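The structure appears right after this line, and notes come after that.
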There are 2 protein chains.
Amino acid sequence: MATTSFTEENYLKTIYAIASRQQGEVSTNALAEMTATRAASVTDMLKRLADKGLIHYKRYQGVRLTDEGERLALTIIRRHRLWEVFLVDKLGFGWDQVHEMAEELEHVRSDELVTRLDAFLNHPQFDPHGDPIPTPAGLMPDVTYRKLADLVPTEEACLMGVLDHSASFLQHLDACGLTLGSVVKVSEISSFDRSMQVTIVPDQALFVSHDVAKNLLVSE
Amino acid sequence: MATTSFTEENYLKTIYAIASRQQGEVSTNALAEMTATRAASVTDMLKRLADKGLIHYKRYQGVRLTDEGERLALTIIRRHRLWEVFLVDKLGFGWDQVHEMAEELEHVRSDELVTRLDAFLNHPQFDPHGDPIPTPAGLMPDVTYRKLADLVPTEEACLMGVLDHSASFLQHLDACGLTLGSVVKVSEISSFDRSMQVTIVPDQALFVSHDVAKNLLVSE
DNA sequence: ACTTATTTTTAGGTTCATCTAAAAATTTAT
DNA sequence: ATAAATTTTTAGATGAACCTAAAAATAAGT
């Protein structure tokens, strides 16, 4: 109920992001690195978030979101991802350009705005990077993808998302013609460097390095 | 060049707004009232804005925007008004609902975003309240309107804007069927209370109080 | 186990944007 | 023109979000 600041919202989002790719509590240092601040500043903030009942925090023990904190984090992530869809689908930005803008737009406080934006965009299920958009109630849909790197020759799958969100990775995919939604078929895997020879169905052949393949998510 | 904070941007916008409906310098007290802060806080901020070269400020003498300050104020007003068009035209909000959201959206820092939003909206010249949208270069188009209250019987004009932006005024106009773009013709003016009998062309007759008429802008 | 290294927290300080209370400048009124 | 009223500024505090440097707790190494 108490109002959460711009900065507090960013911490919640960051705690969620770190927690979702490991298990156990999130460390102060990990947060300091992600938020580009110092550990001492993080400790300050953790006390405030704990006072507001948004995280479980015991000193020296790391931190975990409360139910309320997780719900809040997910509504912010929902806003972020909806704005990304808007920027790409409606304004024609590239998927490598939208992160910074969405970081700001996500903090605009209006539930009605989010509701209408969602309808305007036709209730998208995924953002331009293939990440699922949390529900209005603050739940993360669970999607199970495989990495392209885990496929074996002759397997075919649809490109669904990326693990690396950096502009340089996304631009590299653009340059290769690897677009979400494409169907790819693995022809060969080099036993030397694990690079893959794949075909973008129907007929576009290309090599994909292991570094790329392990950051590409596929369905099926 | 130096980065302007959210708060500084709001002061610039407010200085512009007050200056544009009076002549001479803007007073500390007027700013305190508009920003809902205390005069002492305003004085603090004025020093900072003066240091950044955004205002002309001599103590006890009131304040005036520099060219740079005015350009900045107008780019913020441009963003505000473009977002209002988006919210009304694309998301279907009422013109009485969009001010608060636009207050937040206007601070999102990306020139490219504004450029693309403007194109997406088809380069609108006016916001949903009939206020002109400053140019990308930071110039306010000058439009000259009359007040409906200044028309005399048998004159006809097009509703172009409002002076009062309050939700209650706008809702009242909605309830009366007074929409921007409508053509109205003045039939009679009461010498008692200056209320007007007008016809929304072609055939919708209604009474308009002087309080309403003096806050409605018409063209021609 | 005990010393060393790492992580985390405390202590004390800074900046931004605000506040209250009191002092100074300006304006108004008699 | 001088006193009274108003406006504006200074002085000193506060809270949020950060910082550095040092202390304390935990984890790791031999």
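Quick note on labels: first sequence line is chain A, next is B, and so on, each numbered from 1. Everything numeric here is computed off the predicted structure, so don't read it as measured data. Computed over heavy atoms, backbone and side chain alike; hydrogens, waters and symmetry mates excluded.
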With sequence neighbours excluded, residues passing ring pair (Phe, Tyr, Trp, His ring centres under 6.0 Å) with B:His172: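 Residues passing ring pair (Phe, Tyr, Trp, His ring centres under 6.0 Å) with B:His172: none at all.
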
Need to verify one output field. Residue with the more 5' nearest nucleotide on DNA chain D, A:Val42 or B:Leu46?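 So the residue in question is B:Leu46.
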
Is it true that a side-chain atom of [X] and a backbone atom of [Y] form a donor plus acceptor pair closer than 3.5 Å?
| X | Y | value |
| --- | --- | --- |
| B:Arg116 | A:Leu91 | yes |
| B:Thr66 | B:Gly53 | yes |
| B:His123 | B:Leu121 | no |

Please list residues of residues 48-66 of chain B whose heavy atoms come under 4.0 Å from any atom in DNA chain D, ordered by number; otherwise none.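 B:Tyr57, B:Arg59, B:Tyr60 - these, ordered by number, are the residues of the stretch whose heavy atoms sit under 4.0 Å from the strand.
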
In residues 27-39 of chain B, what residues come within less than 4.0 Å of DNA chain D, judged by heavy atoms?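 Those residues whose heavy atoms fall under 4.0 Å from DNA chain D, taken from residues 27-39 of chain B in numerical order, are B:Ser27, B:Thr28, B:Asn29, B:Ala39.
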
Nearest-Å distance, CZ (B:Phe6) to C1' (D:dA16)?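 One finds 15 Å between C1' of D:dA16 and CZ of B:Phe6, rounded.
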
Between A:Lys47 (NZ) and D:dA16 (P), how many Å, whole number?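 Going from NZ in A:Lys47 over to P in D:dA16 covers 13 Å.
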
When we call it a touch if two heavy atoms are under 4.0 Å apart, what does A:Thr7 touch: a base, just sugar-phosphate, or nothing?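 Sugar-phosphate, no base atom in range.
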
Counting the benzene-type ring for Trp, do B:Phe86 and A:Phe86 have ring centres under 6.0 Å apart?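 Ring centroids of B:Phe86 and A:Phe86 are less than 6.0 Å from each other.
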
Pair A:Arg71 + A:Glu68, salt bridge at N-O below 4.0 Å: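 Result for this pair is yes, salt bridge flagged.
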
Among B:Asp131, B:Asn215, B:Leu173, which one satisfies side chain to side chain contact (heavy atoms under 4.5 Å, CB included) with B:Val162?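 Testing B:Val162 for a side chain to side chain contact (heavy atoms under 4.5 Å, CB included) against B:Asp131, B:Asn215, B:Leu173 leaves exactly one candidate, B:Leu173.
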
Classify the side-chain pair A:Asp193/A:Ser195 by whether it contains a donor and acceptor separated by less than 3.5 Å.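 Checked: A:Asp193/A:Ser195 side chains pair up, N/O donor to acceptor below 3.5 Å.
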
Test: side chain to side chain donor-acceptor pair (under 3.5 Å). Region: residues 136-148 of chain B. Which pairs qualify, not counting sequence neighbours?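 Residue pairs with at least one partner in residues 136-148 of chain B: B:Arg146-B:Glu155.
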
Who are the side-chain contact (heavy atoms from CB on, under 4.5 Å) partners of B:Glu103, not counting sequence neighbours?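 Counting only residues at least two positions away or on another chain, B:Glu103 forms a side-chain contact (heavy atoms from CB on, under 4.5 Å) with B:Asn10, B:Lys13, B:His80, B:His99, B:Glu106.
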
Span of DNA chain C in contact with chain A (heavy atoms, under 4.0 Å):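 Contact span on the strand: C:dT7 to C:dT10.
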
